[in-house]
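Given the structure is predicted, the values throughout are model-derived calculations rather than measurements. Just so we're on the same page: letters track the sequence lines, and every chain starts at 1. These numbers come from the heavy atoms of this one structure, side chains and all, not from hydrogens, waters or symmetry mates.
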Protein chains: 2
Amino acid sequence: MATDRDSVLLAAVGILSRQPTAAMDDIARAAGISRATLHRLFPGRDALVREAAGLALRRISAALDAAAIEDGDPVQAVRRLADAAVPHAAEAAFLTGESRLFDDSEIWASWERMDARVAELFLRGQQSGAFRVELPAAWLSEAFFDLLAGVGWAVQEGRLAPRASTTALTELFLGGALRRDQQP
Amino acid sequence: MATDRDSVLLAAVGILSRQPTAAMDDIARAAGISRATLHRLFPGRDALVREAAGLALRRISAALDAAAIEDGDPVQAVRRLADAAVPHAAEAAFLTGESRLFDDSEIWASWERMDARVAELFLRGQQSGAFRVELPAAWLSEAFFDLLAGVGWAVQEGRLAPRASTTALTELFLGGALRRDQQP
DNA sequence: ATCTGATGAGACATGGCTATCGCACTTGCG
DNA sequence: CGCAAGTGCGATAGCCATGTCTCATCAGAT
């Protein structure tokens, strides 16, 4: 069953987002299976990481779809995006951490495609006058994913309450750290 | 000379911020010395990474000192902080990437101390009414360093112009993505 | 010019992780 | 009840990076 593989992959993501170099032993233990079974499911460590990255990308992309980021008011779209993406913050943390450990052209292309979709949303928002034009859309996209990964790390290490994470991401990203009535 | 060791360490930071698992071979090549000399300078990989982390932390802490973040208006202090910290974005990227690969209690304590200083700054700003109180000071600190590391990665990979990086960090962090006159 | 100290290049042993295999065990089904 | 499929456990082989060593070379000092 594919569900079985996916549950193993998600366990792998959970460990690898915290320890990007965790041994197959650790991954197997985290997934509740033995090393042998892990190797029966995936032909090797590279394949495992690749599939985990693919799954993480699919899930986050599905979140973009669910948030319908191409539709409607850009600001509301970003709010929907944050709502839909925060549950996958651990996947984002895994991808940011692992992208520098393992570079696969296919994975990279998939990431770029997702990044481009988000950048397009910000560009749309800039053209509509909602977002600040001083900040490049590509940087907004980069920063959004960095903060999403940061949420993942902070939640995993207990520095941020899961319930507060969506607000933390949305409010900081959209409104910044300054109080509104204090802004010049 | 200590300068010699430091220049090697900075080269190591440069590589390890991009490839946290780079081999001693790669680090030596990046530093322009041989593997043998690298081992003469540092008793092992752990020691090298530890010293590199220590140097990075000292340099970023020095930036906090230079910015005098404990003094004056909190908002101006954050602007000074960003100005002083952006040149060390690569070090921040190295630390965020490596912190999950190598945990040393001393390094961790040093990081915590620095994080606490920044969190204190945000707390001060919240008490003075400049910063939003809905966002925990600890989260603001975490987010600031995440964005700083993000700036480091984006610059290294050519997605962000170095000249624009300070503005990108300061403006997004302080003011958020929304246009001010659009904020409710 | 010679000596000294440091460096680079390469060989070598070691350890940890990976990947595979064989065997015993459980689970579910006929 | 017995069979088949899947799983866990242990052993094993191989690989890659690390760490150490030796030796030749080079630059600077005397």
Side-chain angles (χ1 to χ4, degrees), chain A residues 1-56 93-95 97-107, chain B residues 1-56 93-95 97-107:
Chain A
M1 269 207 287
T3 312
D4 211 6
R5 289 173 65 90
D6 283 8
S7 72
V8 171
L9 287 175
L10 288 180
V13 166
I15 287 293
L16 292 173
S17 63
R18 286 188 289 269
Q19 304 172 343
T21 59
M24 294 292 274
D25 227 352
D26 306 316
I27 300 173
R29 204 172 311 120
I33 61 176
S34 72
R35 269 202 319 275
T37 304
L38 187 58
H39 274 96
R40 287 188 191 106
L41 287 172
F42 304 98
R45 191 203 165 77
D46 281 6
L48 170 66
V49 175
R50 202 192 328 262
E51 285 204 44
L55 177 64
F94 159 72
L95 286 172
E98 204 79 13
S99 69
R100 268 163 284 283
L101 259 68
F102 181 84
D103 55 342
D104 176 272
S105 63
E106 188 180 343
I107 295 296
Chain B
M1 266 209 287
T3 312
D4 211 5
R5 290 174 62 88
D6 283 8
S7 72
V8 171
L9 287 175
L10 288 180
V13 167
I15 287 293
L16 291 174
S17 63
R18 287 186 290 270
Q19 305 173 343
T21 58
M24 294 292 274
D25 231 351
D26 306 317
I27 300 173
R29 205 173 310 121
I33 61 178
S34 72
R35 214 158 52 90
T37 304
L38 187 59
H39 274 96
R40 287 188 192 103
L41 288 173
F42 304 97
R45 186 190 222 284
D46 282 6
L48 170 66
V49 175
R50 203 191 328 261
E51 285 203 46
L55 178 64
F94 158 73
L95 286 172
E98 204 78 12
S99 69
R100 266 162 285 282
L101 259 71
F102 181 84
D103 57 339
D104 175 273
S105 63
E106 190 179 342
I107 296 294

Rounding to an integer number of Å, can you tell me how far [X] [atom1] sits from [N] [atom2]?
| X | N | atom1 | atom2 | value |
| --- | --- | --- | --- | --- |
| B:R5 | C:dA6 | CZ | P | 14 Å |
| A:L48 | C:dC17 | CG | P | 16 Å |
| A:R45 | D:dG14 | CZ | C1' | 17 Å |
| A:D46 | D:dC15 | CG | C1' | 13 Å |
| A:I33 | D:dT7 | CD1 | P | 8 Å |
| B:M24 | C:dG8 | CE | P | 14 Å |
| A:L38 | C:dC17 | CG | P | 15 Å |
| B:D25 | D:dC16 | CG | C1' | 11 Å |

Shortest non-hydrogen contact between [X] and [Y], atoms and distance:
| X | Y | answer |
| --- | --- | --- |
| B:A22 | B:I27 | O-CD1, 4.1 Å |
| A:R45 | A:L16 | NH2-CD2, 4.0 Å |
| B:F94 | B:V49 | CZ-O, 4.2 Å |
| B:A31 | B:V8 | CB-CG1, 4.0 Å |

Starting from the 5' end of DNA chain D, give me the residue, B:R40 or B:G44, whose nearest nucleotide shows up first.
B:G44

Please tell me if B:T37 has a side-chain N or O lying less than 4.0 Å from either OP1 or OP2 of C:dG8.
yes

So does A:H39 get a side-chain nitrogen or oxygen closer than 4.0 Å to the phosphate oxygens (OP1/OP2) of C:dA19?
yes

Among C:dG8, C:dA19, C:dC17, which is the nearest nucleotide to the side chain of B:A36?
C:dG8

When you get a sec, tell me which of D:dG8, C:dG8, D:dT18 is the closest nucleotide to the side chain of B:S34?
C:dG8

Confirm from the modelled atom types if B:R35 and C:dG10 form a donor-acceptor pair under 3.5 Å, side chain to base only.
no

Any donor and acceptor pair, going by atom type alone, linking the side chain of B:R5 with main-chain N or O of B:L41 inside 3.5 Å?
yes

